[in-house]
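The shown structure was predicted, so the numbers you read here are calculated from the model rather than taken from an experiment. Counting begins at 1 with the first residue of the sequence. The analysis underlying the following values was restricted to heavy atoms, covering all of them including side chains, and did not include hydrogens, waters or symmetry mates.
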Amino acid sequence: MRKSILGSLQAIFLAVTAFTFSSCGGGNNLENLDTDVNMISERIAPVVKESPEAAGDFSMKLTEQAVTFDASVAPGLFDLKMLDPNLAEFAIASYLHVLNPDGNRNAEVADMINNMAKTERPLAITLTQGDYKFNQQLEPARLKTLFKEALTNLNRSGAAANAAKLTGSWAEKVFKTEGASEFECIYSTNQIIINVTYPDVNASPLKGVTNTTPALKGMLIDAAEAHYAKYGALRPAVTALMIDLGVKELRLTYKYADGKAAPSVRLEWGKDL
């Protein structure tokens, strides 16, 4: 999976892939960095174009202060206001660990980060959704740590919890139907779990359904496919991120307040999603 997404870009964290396609040529460090930025910008354009339901306008520039990366996140993809810097940082680390087809780490990644360190240019990320802007700045020293550190040594559970929160921001609109009394989307034991509570089965969409488990799984498949298809060419990167976070499954669970048994179904990242 990791090898197959070497060329993928992720709409929420497009800055990450800037490193994986970088190179270190002749000339001074600033010239090398400027060359990299221009090259990366040209590579991103067609991928963004192939993902119109996920990503909008973007620009990547080398300024006197930083390497700036600005991108817009499509409305409805998830609620950008809920994005935590810890998840954004983990996503960057995840893609800094992508392997080449030969199974080795990408040496150009280190070259790019070293050039940023030598020129004292941090990475300044700005993601925009409507009137809201998410800003995060990572110094070269922190990027080096993210490149070298094992993903398991980072705050993976905290990042996964935020991924669940973002999942809930779109899933609630789909699954909290009329009659539902409670909704939550949480990370627990390698799963992102969507819990929807109804007073009883007759208040739920499964009223009168005989085979409730297959019906609920069909609902989850339809909704998940409709949502993740929006990522277009960026979708493989989303799947890879979930796996790196330790999120093995997306689960939908119905609960009935009257205490009667309710169905629970799951989809596996990298297999069903």
Side-chain angles (χ1 to χ4, degrees), residues 8-20 37 40-41 43-45 47-49 51-63 65-97 112-113 116 121-143 145-147 151 154-173 185-187 192 227-228 230-242 244-245 247:
S8 296
L9 301 174
Q10 210 259 4
I12 312 167
F13 311 111
L14 287 169
V16 174
T17 321
F19 300 120
T20 62
V37 169
I40 303 310
S41 181
R43 290 181 178 270
I44 290 174
V47 181
V48 172
K49 188 176 181 179
S51 309
E53 293 187 85
D57 297 334
F58 81 93
S59 66
M60 184 175 183
K61 300 177 181 178
L62 173 61
T63 71
Q65 292 79 32
V67 173
T68 62
F69 196 98
D70 301 290
S72 63
V73 178
L77 196 66
F78 57 82
D79 189 347
L80 186 61
K81 293 178 182 178
M82 295 182 177
L83 176 61
D84 187 278
N86 180 62
L87 176 57
E89 186 178 86
F90 187 93
I92 291 173
S94 172
Y95 297 110
L96 291 180
H97 283 68
M112 180 74 169
I113 296 173
M116 293 176 71
R121 298 299 201 279
L123 175 65
I125 302 171
T126 300
L127 301 177
T128 304
Q129 188 178 61
D131 295 330
Y132 178 76
K133 292 184 181 296
F134 170 88
N135 295 294
Q136 186 166 6
Q137 180 164 300
L138 295 173
E139 299 297 327
R142 183 55 181 167
L143 291 172
T145 298
L146 297 178
F147 177 75
L151 296 176
L154 301 175
N155 185 8
R156 191 163 68 166
S157 61
N162 187 231
K165 190 174 182 180
L166 294 181
T167 301
S169 71
W170 68 262
E172 183 172 6
K173 299 173 184 177
C185 189
I186 59 173
Y187 172 70
I192 288 180
H227 175 75
Y228 290 108
K230 294 179 181 179
Y231 283 91
L234 310 175
R235 184 172 177 174
V238 177
T239 300
L241 174 61
M242 289 297 186
D244 281 341
L245 284 169
V247 180

[atom1]/[X] to [atom2]/[Y] distance, rounded to the nearest 0.5 angstrom?
{"X": "F69", "Y": "M60", "atom1": "CZ", "atom2": "CE", "answer": "6.0 Å"}
{"X": "D79", "Y": "K165", "atom1": "CG", "atom2": "NZ", "answer": "9.0 Å"}
{"X": "L146", "Y": "L138", "atom1": "CG", "atom2": "CG", "answer": "6.5 Å"}
{"X": "T68", "Y": "I125", "atom1": "OG1", "atom2": "CD1", "answer": "10.5 Å"}
{"X": "Y132", "Y": "M82", "atom1": "OH", "atom2": "CE", "answer": "11.0 Å"}
{"X": "L143", "Y": "I113", "atom1": "CG", "atom2": "CD1", "answer": "5.0 Å"}

Handout entry: Worked verdict on M242 versus I192 for side chain to side chain contact (heavy atoms under 4.5 Å, CB included)
Key = CA-CA 10 Å; M242 289 297 186; I192 288 180; 4.1 Å; yes
Taking [X] for the side chain and [Y] for the main chain, is one N or O donor matched with an acceptor at less than 3.5 Å?
{"X": "S72", "Y": "D57", "value": "yes"}
{"X": "D84", "Y": "N162", "value": "no"}
{"X": "R121", "Y": "L62", "value": "no"}

Heavy-atom pair of closest approach, residues [X] and [Y]:
{"X": "G76", "Y": "K230", "answer": "O-NZ, 4.2 Å"}
{"X": "Q129", "Y": "L80", "answer": "OE1-N, 2.9 Å"}
{"X": "L83", "Y": "L166", "answer": "N-CD2, 3.8 Å"}
{"X": "Y231", "Y": "A54", "answer": "CA-CB, 3.8 Å"}
{"X": "H227", "Y": "L77", "answer": "CE1-O, 2.8 Å"}
{"X": "A160", "Y": "L245", "answer": "N-CD2, 3.9 Å"}

Problem - Y228 and V238, any side-chain heavy atoms less than 4.5 Å apart - result: yes
Problem - Heavy-atom side-chain contact between L123 and M116 under 4.5 Å - result: yes
Problem - Residue pair Y187, V247: steps toward the side chain to side chain contact (heavy atoms under 4.5 Å, CB included) verdict - result: CA-CA 8 Å; Y187 172 70; V247 180; 3.8 Å; yes
Taking atom types as modelled and ignoring hydrogens, do the side chains of [X] and [Y] form a donor-acceptor contact shorter than 3.5 angstrom?
{"X": "T126", "Y": "N135", "result": "yes"}
{"X": "K133", "Y": "T128", "result": "yes"}
{"X": "D244", "Y": "S94", "result": "yes"}

Fill in the blank from the handout: Taken in chain and number order and not counting sequence neighbours, the residues that satisfy side chain to side chain contact (heavy atoms under 4.5 Å, CB included) with E172 are K176, F183
Handout entry: Parallel, tilted or perpendicular: rings of F147 and H97 (30°, 60°)
Key = tilted
Exercise for the section: Might you work through the side chain to side chain contact (heavy atoms under 4.5 Å, CB included) test for V73 and F134, ending with a clear yes or no? Expected result: CA-CA 10 Å; V73 178; F134 170 88; over 6 Å; no
Practice task
Using the side chain to side chain contact (heavy atoms under 4.5 Å, CB included) rule, take T167 and F78 through it: C-alpha gap first, then chi angles, then the decisive distance, then the call.
Solution key: CA-CA 7 Å; T167 301; F78 57 82; over 6 Å; no
